[in-house]
Amino acid sequence: MRLATWNVNSIRARVDRIVSFAEREHIDVLAMQEIKCKPEQFPYARFEEAGYHVEAHGLDQWNGVAIASREPLEDVQYSFPGMPGFKKGHTGDDAPLEARAISALVDGVRVWSLYVPNGRGLDDPHFAYKLRFFEALRGYTASTLAGDPDLPLALVGDFNVAPFDSDNGDPSIVEGVSTHVSPAERAAFHALEEAGLQDVVRPLIPTGYTYWDYKQLRFPRDEGLRIDFVLGSRAFADAVAGASIAREERKGDGPSDHVPVVVDVDLSPEDDDVPMIFG
DNA sequence: ATGACGGCTATCAGCCGA
């Protein structure tokens, strides 16, 4: 299985680019974030013409997540158990959920397409929401893997945290001032690793960014952030055979500000069309 | 060249993003 995650920054604004990429790169499963539309506005036909099934979760023009897959998407779930909500004027429990998580079972893999809240500012209520979101993700992961330690589980998407100093090449993002690089956010991200997930791309691609701001020539200067990840359980991680960051997708006309992160996973030996040769 | 932000809508202004 070839799995990719991509914060597309509006599916309607660049559906041609996105479907072309998926076809050209032979992507089997494409997890998208920031589709910025409701399901009824999603350009399903373009994906179906290319041989993909799509499940989309969107409530308005903000956020929105989707998964496209060549194989059928089973047991689709919107939002993960314990996921917090957010709305100005609301506190904690009574806030409505946003469209930041969608999941499906594909070829036996439990895939989550996730768009972690931005945080907006270190003192903003959105920042506390971001930390609550991470803590709920950690809890979901821990309880899921406790019940099924061998589950191939993949949490993929825009985590909005640059976990290491080397993941931040944007001079406007400064520790102590900015979101994405604070100790609290980094600890919240690393807690997912303690819960049984690992970044399956990092060992294969130690450096490189996945996002560059549209402003200030950030891409030509290569002043980006590494904030898009594929986190996998042991069973998933053990099956990862390759990875790439599709930097070319930041070029040309009308790019997203994020690029796809791709992993090759070899989980289904029964799908091999070449017989095993023993001896 | 990878070139100075770009989506969205309650649209021509303001919000959001990282």
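So you know, we letter chains A, B, ... as the sequences are listed, proteins then strands, and number each from 1. Note that the structure is predicted; figures quoted are calculated from it, not measured.
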- OP1 or OP2 of B:dC5 under 4.0 Å from side-chain N/O of A:R218: no
- Note on the structure: Besides A:I11, the hydrophobic cluster formed by Ile, Leu, Val, Met, Phe, Trp and Tyr side chains linked at under 4.5 Å, directly or via other members, contains A:W6, A:V8, A:V15, A:I18, A:V19, A:F21, A:I27, A:L30, A:M32, A:I35, A:F42, A:Y44, A:F47, A:Y52, A:V54, A:V262
- For A:Y214, the other hydrophobic cluster members (4.5 Å side-chain criterion, sorted by chain and number) are none
Taking only the [atom1] atom of each, what is the distance from [N] to [M] in whole angstrom?
| N | M | atom1 | answer |
| --- | --- | --- | --- |
| B:dC16 | B:dT11 | C1' | 15 Å |
| B:dG6 | B:dT2 | P | 15 Å |
| B:dA4 | B:dG17 | P | 24 Å |
| B:dC8 | B:dC12 | C1' | 14 Å |
| B:dC15 | B:dA10 | P | 15 Å |

- Should the ring pair A:Y140 and A:W112 be called parallel, tilted or perpendicular, given that the plane angle runs from 0 to 90° and is split at 30 and 60? perpendicular
Could you check how far [atom1] of [X] sits from [atom2] of [N], rounded to whole Å?
| X | N | atom1 | atom2 | value |
| --- | --- | --- | --- | --- |
| A:Q216 | B:dG6 | CD | C1' | 14 Å |
| A:R250 | B:dG6 | CZ | C1' | 10 Å |
| A:E223 | B:dC5 | CD | C1' | 15 Å |
| A:D253 | B:dC5 | CG | C1' | 15 Å |

- Query: Can you give one letter per nucleotide of nucleotides 9-18 of chain B, 5' to 3': B if a protein heavy atom sits under 4.0 Å from the base, S if only from the sugar-phosphate, - if neither?
  - Reply: S-----BSSB
- All ring-ring contact (aromatic ring centres under 6.0 Å, His included) counterparts of A:F229, not counting sequence neighbours: A:F189
- Item | Results of side-chain hydrogen bond (donor to acceptor under 3.5 Å, both in side chains) for A:T144 - residues two or more places apart only | none
What donor-acceptor contacts under 3.5 angstrom involve side-chain atoms of residues 197-209 of chain A, with partners at least two apart or in another chain?
unit_1, atom_1, unit_2, atom_2, d
A:D199, OD1, A:V201, N, 3.0
A:D199, OD1, A:R202, N, 3.0
A:R202, NH1, A:D167, OD1, 2.7
A:R202, NH1, A:D167, OD2, 3.4
A:R202, NH2, A:D167, OD2, 2.9

- Passes ring-ring contact (aromatic ring centres under 6.0 Å, His included), A:F80 versus A:F133? Steps please. CA-CA 10 Å; A:F80 55 88; A:F133 193 97; 5.2 Å; yes
- Item | Syn or anti for B:dA10 (syn when the glycosidic angle lies within 90° of 0) | syn
- Testing B:dC8, B:dC5, B:dT2 for proximity to the side chain of A:P220, the answer is B:dT2
